[in-house]
Amino acid sequence: MPKAEAIRQIQHAVMQIPSGRVASYGQIADLAGLPGRARMVGRALRLAAEEQPLPWHRVVRADGKLAFPAGSDSANEQRERLVSEGIPVVNNRVAMSQWRWEPDIYELLHKLKY
DNA sequence: TTTGTGACCGTAA
DNA sequence: ATTACGGCCACAA
């Protein structure tokens, strides 16, 4: 899978996250057809930030923590955006059990794995 | 060409 | 709840 297309797939997946929900880097990687390549999602978002608007703030680590260091400008902006969508951020982290996005396709993949 | 570095993740201790 | 480790891989030095 070509790099450019992978980036496009990632951006497409991120755009599917509904307002008021969050997804993990790994989850997005899975949905983009790039299992095990969560780090590439971060890279793709870094690039996308300079291009078109993407709901990058809805992507967090698998454990719910923001990928940016607590207190950093980026972390503050992400927290601000999440809170404005109704998602509380406590100690630089959101409660995945409550806010995690569960698309049908992802549920299927999850069932096949376990 | 090799090496270090991440907007990461699952597992194990 | 944390920390450590191995896997992951594009990128830059």
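Convention: sequence-line order gives letters A, B, ...; per-chain numbering from 1. Every value quoted in this text rests on a predicted model; they were computed, and no experiment measured them. The basis for the numbers below is simple: all heavy atoms, side chains too, and nothing from hydrogens, waters or symmetry mates.
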*Please answer: with hydrophobic residues joined when any side-chain heavy atoms are less than 4.5 Å apart, are A/Leu66 and A/Val22 in the same cluster?*
yes
*Look only at the side chain of A/Gln27 and the backbone of A/Trp101, and say whether a donor-acceptor pair between them is shorter than 3.5 Å.*
yes
Polar atom pairs between nucleotides 10-13 of chain C and protein, under 3.5 Å, N or O only, would you list them?
{"from": "C/dA10", "atom 1": "OP1", "to": "A/Arg37", "atom 2": "NH2", "distance (Å)": "2.9"}
{"from": "C/dA10", "atom 1": "O4'", "to": "A/Arg43", "atom 2": "NH1", "distance (Å)": "2.6"}
{"from": "C/dA10", "atom 1": "O4'", "to": "A/Arg43", "atom 2": "NH2", "distance (Å)": "3.4"}

*Take the protein atom CZ of A/Arg61 and the nucleotide atom C1' of B/dC9, then report the distance between them rounded to whole Å.*
10 Å
_pair A/Ile28-A/Leu45: side-chain heavy atoms closer than 4.5 Å_ = no
_By nearest atom, which of the nucleotides C/dC8, B/dG10, B/dA7 is closest to the A/Arg39 side chain?_
C/dC8
*May I ask you to check whether over 12 heavy atoms, not counting those of A/Asp63, lie within 6.0 Å of atom CG?*
yes
*To the nearest angstrom, how far is A/Trp56 atom CH2 from B/dC8 atom P?*
14 Å
*Check every strand shown and say whether A/Ser74 touches a base, only sugar-phosphate, or nothing at a heavy-atom separation below 4.0 Å.*
nothing
*Which value, in whole Å, describes the distance between the P atoms of nucleotides B/dA7 and C/dG7?*
22 Å
*In whole angstrom, give the distance that lies between atom CG of A/Asp30 and atom P of B/dC8.*
16 Å
*Just by modelled atom types, is the A/Phe68 backbone N or O under 3.5 Å from a matching donor or acceptor in the A/Asn92 side chain?*
yes
_Nucleotide B/dC8, atom C1' - distance to CD of A/Gln27 in whole Å_ = 13 Å
*asked:* Quick check for you: to the nearest 0.5 Å, what is the distance between A/Gln16 atom CD and A/Gln11 atom CD?
replied: 12.0 Å
*Length of the CG-P vector between A/Asn92 and C/dT2, whole Å*: 12 Å
*Just how far, in rounded Å, is C1' of B/dA7 from CZ of A/Arg58?*
17 Å
*A/Tyr25 OH - B/dG6 P separation (whole Å)*: 14 Å
*If only atom types and distance count, is the side chain of A/Gln52 paired as donor or acceptor with the main-chain N or O of A/Ala48 below 3.5 Å?*
no
_Non-hydrogen atoms of A/Ala23 and A/Ile17 that approach each other most closely_ = CB-CD1, 3.7 Å
*To the nearest angstrom, how far is A/Asp63 atom CG from B/dA7 atom P?*
16 Å
*Check each residue of residues 11-22 of chain A for a non-hydrogen atom within less than 4.0 Å of any atom in DNA chain B, then write out the ones that pass by number, or none.*
none
*Can you list every salt bridge (charged side-chain N to carboxylate O under 4.0 Å, His left out) pair that touches residues 79-94 of chain A, not counting sequence neighbours?*
A/Arg58-A/Glu85, A/Glu77-A/Arg81
